Every structure is written in C-alpha cells, then in structure tokens.
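Keep in mind the model is a prediction, meaning the values are calculated, not measured. Whatever order the structure lists them in is the order used to number ligands and atoms, beginning at 1.
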Amino acid sequence: MTDMADFGVYIHWPFCQKKCPYCDFNSHVRETVDQARYGQAIITELETMAERFHLAERPVKSVFFGGGTPSLMLPEITGEICVAIKRLFTATDDIEITLEANPTSVEAEKLAAFHDHGINRLSMGIQSLNDRHLSFLGREHSAKEALGALAKAQHVFERVSIDFIYALPDQTTAEWLAQLADILALGCDHLSLYQLTLEQGTAFTSMAKRGLLDMPTDELSLEMFKETQAHCRAAGFHAYEISNHAKSGQMSRHNLIYWRADDWIGAGPGAVGRIWSPHDNSLEDNHEDNDRRIETRCRKHPDGWLDDVTKTGSGIAEENQEKPHAYAIEAVMMGLRLADGINIAAIESKAGARHSWLDTDAVARYCQQGLLNEKADILKLTEHGKTIMNTLIGEILIL
Ligand code: SF4
C-alpha cells in the first residue's frame, strides 16, 4: 500500500498579523517571532518524522507551507526547510512546493526571494475584489493592493492560485457574478472559491448567535454555487473538486493528496499528518495487512510545541493507529468532493468489505434518483448531487 499512495509534506506556520473573524485555523498574533528558532524546530521535527516513519526513500510529490500566514516567514527560512526536505526525503523531479501568501504590499516585496529559495507555486488569499467585503472579512489588504501583489506573483511564479470567499451577508448573486467575471479575467489557472461558513469559536459565529450576521439563505447560497460552477466551466475551468477549479494540468497536487486520502506528514504547531507505515506491533488493531495508517497531531500552542521539539525532537502530541473503518470514512468524505469520485474497490482493499462502511442500498437508491453515479465501482456525485453533498455523504456512510 505504501508505495501506491502519493506522499507530501505539510508545514504549518501559525502566525498572522491579525485574526480574521471567520477563521478557525491554528493562528496566533505575535508582535515578534523568533523565526530562526521556529524554522530550526520545524527541520528537527521533520528529521524525527522521517526516521520514525521510515521515509528516507519515499518520493515527495509536494510540499505545502500553510498557516497562519507563511508569507510572513523570512524567505531564507523557507529555503532552509526546502533544503532539509530534499535531504531527508527523495524529491520528485516535478515536486510542487506551494506557499500560502496574503496579498499585502509588504509580502508582495518578498515574492521573488521566496521563488529563489525554492517555492514554485503560490496560493494567494485575495478573498474579495470588493473593499467593503474585504473590510467585513477583516482582511489587511485592499482590492487594489491585492491586484498589485497578484501581478507581481504572476511575474515571478509560473503557477499562481487565488482564493475567494463568496455567499457573504447581503451579497447578491449579481454582485458576486460581476466579481467572478473580473476574477476569471485575472489570468490565473487555479481558483479556490469557497462559500463563507460559520466555524465554531470564531467571531462571526458569536455575532450570528447574537443575531448580528444576516447570512444568505440556503436557496441563495445554492443559486450562487450553481452559477459559479457554470461560469467557471464556461471559462474553461474544470471543477476537479467541489470548490476548486483548474485549467488543464494545474490541479493542486498537494490538496489532491488530502482528497484522495493519500499520505502526508505535518510538521509545525497543530499540524496533522496521516501516513501508511510498516506495522507497529505495539499498537492494537485487527486488520490483516502489514501496513498501518498512522495519524499524528502536533501540539497546537506554538510555545508548547517549540518546548516539546526542543526537549524531545518532536511536537507530536497524539499518535494513533487509524482504524480501517475510519480510513474508509475519510476516503469517502474527501473523495466524493472530487469530480473523479472514489474507487470503492480500492478503498475496500485497505479498509475491508464495503458493507461495513458503505450503505450500498442507499447508494443504489440515490443512483436511481440521479444524485449519484456508479460505474465499475467508481462512485461520483452528479451535478445535482453536488448541491446536497454533505447530506448525501451522511446518508451513504455507515458510521
Ligand atoms: S490570515 Fe488566514 S490563517 Fe490568519 S487569521 Fe486570517 S484567515 Fe486565518
């Protein structure tokens, strides 16, 4: 199994200039950060993981610097981490190394240096081209500043992805579609277009509870989603994932690793990794195969994580052997987000008989209703099915 799955490395940089009111990521606002110390700790943790999970020979297809705001890192630090990754693992010739960036003018000045230090793909969180919406979302940049940063990014990087959030309070379909037309004209080959969701523990969620946030109705959100899919398709983008659209050959290799439930390690505060690893007899499990999928979760608080790495070489707070059933649930939940869908037989080969995790009667029923499509064990959502994806997935899984 191990040699079949693609393998990637996720690096979490947990610091931001400001906390956005919709964000539930592990992000912390600090006046100063000892970047050299954090960078070295990430390298130490990668060394520990490479050894513990026997990864030296493993080809790395992608590296992703996420956060937080990794574009606040010093480019030299990202460079040192890239060098360490290439030393510890076996980088493929076409390795994709992505950095998430915010489009402020300060960060834009560093883009060429990031490129020189090994980053070859940029994922830019523009979020809106409307200044009123940017201010509502608590972003630090204006639309004009973002467009300037994007122009610089496109000059430096061959591959630039841009992120936007829509279905905002008081946003109309017409306003969003006018903005989408401008987005489609920006010349990027990859778009991540997410609807605003209310996540636990965020400022927006507490505002909504107090009646201070007038979220769009389900009907309006659905209309915007359908129009978004249609406009992106008409512009030559393939909706390879429910919220991600790419021109030919421009899909995010790193995110495909998550959506296909492949293998990755995660280093840095709060980072999560999941990896097939040679069987460890000390961990209890009943599945017959020799390989086991291990989930690691690093300590979330940056100071605690740094202490742990300094003392033990790793900030891993939890290391669990994933049950085959849990793997199946992940593979279905993530895989049905993809236009290619899931291969039921392939999941079965890792997780055991389908009847223990998939309600095949429900699948047959939803296929008849035109919400799912199954052919030769490949199961996909239809266009209609995509509009009620979460409900459908909940109905067909045996939890
Ligand atoms: S910049 Fe990104 S990670 Fe940081 S608070 Fe805002 S949304 Fe969250």
* Asked: Regarding N343 and E348, is there a side-chain donor-to-acceptor distance under 3.5 Å anywhere?
  -> no

* Structure fact -> A student comparing S71, C20, P14 should find that the heavy atom closest to atom 5 (S) of ligand 1 comes from C20

* To do: Could you walk me through whether Y258 and W264 pass the ring pair (Phe, Tyr, Trp, His ring centres under 6.0 Å) test, one step at a time?
  => CA-CA 8 Å; Y258 302 146; W264 74 96; 4.7 Å; yes

* Please walk me through it: do Y327 and H325 pass side-chain hydrogen bond (donor to acceptor under 3.5 Å, both in side chains)? -> CA-CA 5 Å; Y327 166 76; H325 182 265; over 6 Å; no

* **T387 versus K226, side-chain donor and acceptor atoms under 3.5 Å** => no

* In terms of atom number and element, which parts of ligand 1 are under 4.0 angstrom from non-hydrogen atoms of K18? -> 5 (S)

* Using a strict 4.0 Å cut-off to heavy atoms of C16, name the atoms of ligand 1 that fall inside it. => 1 (S), 3 (S), 4 (Fe), 5 (S)

* Asked: With distance as the sole criterion, is a donor-acceptor pair present between the side chains of T197 and Q195 under 3.5 Å?
  -> no

* Asked: Numbering the atoms of ligand 1 from 1, which are under 4.0 Å from a heavy atom of N102?
  -> 1 (S)

* Asked: Would you say R139 contacts ligand 1, with heavy atoms under 4.0 Å as the rule?
  -> yes

* Verdict with supporting geometry, E223 and T173, side-chain hydrogen bond (donor to acceptor under 3.5 Å, both in side chains) -> CA-CA 7 Å; E223 177 184 279; T173 304; 2.5 Å; yes

* Would you mind listing which atoms of ligand 1 come within a distance below 4.0 Å of any non-hydrogen atom of G68? => 3 (S)

* In ligand 1, which numbered atoms sit nearer than 4.0 Å to a non-hydrogen atom of S27? -> 5 (S)

* Full working for side chain to side chain contact (heavy atoms under 4.5 Å, CB included) between L137 and F204 -> CA-CA 9 Å; L137 292 168; F204 274 177; 4.2 Å; yes

* Asked: Can you tell me if Q17 has a non-hydrogen atom under 4.0 Å from ligand 1?
  -> no

* Can you list the atoms of ligand 1 that are under 4.0 Å from a heavy atom of T69? -> 1 (S), 4 (Fe)

* Asked: Is atom 8 (Fe) of ligand 1 under 2.8 Å from any N, O or S atom of C23?
  -> yes

